[in-house]
Amino acid sequence: MSSSNKRQSVLPKVPSGPKAPVNFGSHVTIADSAILTGSHTINISSESVIHPRARLESTYGRITIGRRCIVHERTHVGAPSSDDKRGDFGVLTEDYVVVEVGSIIESGNTTIGEGCHIGPRVTIGKGAKLGKHCTITAKSIIQPGEVVPDYTVVYSNGLRRTDKRGLEILKAKAQARQIEILRRLISSNPAKFKD
Amino acid sequence: MSRKPAGVRTEYIETETGNKVARKANLVGTQHIMLGGKTVIMADAMIRGDLARTAPTSSSSSSSGTAPGSNTAVFIGRYCFLSKGCCLRPRDASTRARHADDTPSAFTYMPLRLGDHVFVGESAIVQAAAIGSHVHVGKNVVIGEFAIIKDFVRVLDDTVIPANMVIPSFTVVAGQPARIVGEVPEGGHEAFELRELYRTVGNNPQPASV
């Protein structure tokens, strides 16, 4: 630390498109190197956490992130879909949603219900509707337009079962605590994304 | 570094201990990442060092006395190889370890430990608690939180290792979720050596000897 010629350790520049119009709630934690691009509005509600290198793209429709959501790094929310038809909005995630590393959520009336947990490297197709408290485990694929009922667990290459543990309240509490910790660890810079 | 031709931006930064770190690697929170030496980190590999342990709020006043390095988030041994697009991240332990009064314990993020000669394939996501020495992790593998992988393990491509799984030594695992599908054959240990692979990348790569 003492030597002055120590290499400045910075994240490489992120290639990004046009700056999206944004709308943040209170206490939003958003890392400096998160990417918010596109032409439609990106709404992030209060106490949500956006990790570095998460990409929210509103080119194909409005993005709304609910309260106390966690969007991990390398995710792509609002990705382009195979066909060109646009929906009324892009992606809507309700409260307490977790989107883990490397997941892709395609744009076009895609709705993620309250308390959903989207595991690492999941693909959610355009127009899919996930019910409340669903768990999508790693590398699962939800087809475009699919409707997933409440409390569904998708695992092992597309098998389904219903989550009957009744842990929603506990999970929400744990998530609130995790956000508390993340807020201290991730250096937030919401001002960068506002005009 | 001194041999670097002036004015040419090299692809890798080579440190004194022989680490080769691509300039295009995404390292977050570098002060919490410990490299053992001779480790290769390729472009677009991401290490989340910022998710380090933090002192509990109750004893934050005494945290100034902790030894330096005690909040290291990622330990990487010697001759590790992190391929393009892989992602290493420690996992938060706030949902696990807790005091009697239900407050999270001191270690909010468990450090991630990699042994020596660990190969991490392209686009793999590692959220494990510990990985032993001589482990081969294939392409597009997802390792769930708090998984423990012992020494001499081969994880085949596209495997999903569920959370909390413990993989014993000398096994081959595959599947979604992962199951043990075989054993490392007798005398198959040399295949895990990464010294040769280390020489084939960097600013002056040597051709691989056949």
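In the text below, chain A, chain B and the rest are named by the order of the sequence lines, each starting its count at 1. For clarity, every value in this text was computed on a predicted model and none was experimentally measured.
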So [Y] and [X], do their side chains get closer than 4.5 Å, heavy atoms only?
X        : Y       : result
A/Arg74  : B/Asp44 : yes
A/Ser33  : B/Val28 : no
A/Glu73  : B/Asn26 : no
A/Ile186 : B/Arg48 : yes

Would you say that more than 12 heavy atoms from the other residues, nucleotides or ligands in this model lie under 6.0 Å from the [atom1] of [X], or not?
X        : atom1 : value
A/Lys192 : NZ    : yes
B/Lys84  : NZ    : no
B/Glu183 : CD    : no
A/Lys194 : NZ    : yes

Side chain, backbone, both or neither: which part of A/Leu182 has an atom under 4.5 Å from a heavy atom of chain B?
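Just the side chain, heavy atoms under 4.5 Å.
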Is it the side chain or the backbone of A/Glu180 that comes within 4.5 Å of chain B heavy atoms, both, or neither?
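For A/Glu180, no heavy atom lies under 4.5 Å from chain B.
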Those residues of residues 117-133 of chain A, ordered by number, that approach chain B below 4.5 Å (heavy atom to heavy atom):
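Expected list: A/Pro120, A/Arg121.
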Relative to chain A, which of B/Pro162, B/Gly144, B/Gly85, B/Gly175 shows the most heavy atom pairs under 4.5 Å?
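Of the candidates given, the most pairs with chain A belong to B/Gly85.
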When you look at B/Asp158 and A/Lys139, which way does the side chain to side chain contact (heavy atoms under 4.5 Å, CB included) test go after all the steps?
CA-CA 9 Å; B/Asp158 301 307; A/Lys139 299 183 77 167; 3.3 Å; yes
To the nearest 0.5 Å, what is the distance between CD (B/Glu145) and CD (A/Glu100)?
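Reported value, rounded in 0.5 Å steps: 6.0 Å.
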Going by residue number, which parts of residues 120-137 of chain B are within reach of chain A, meaning a heavy-atom gap below 4.5 Å?
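Interface residues of residues 120-137 of chain B: B/Ser123, B/Ile125, B/Gln127.
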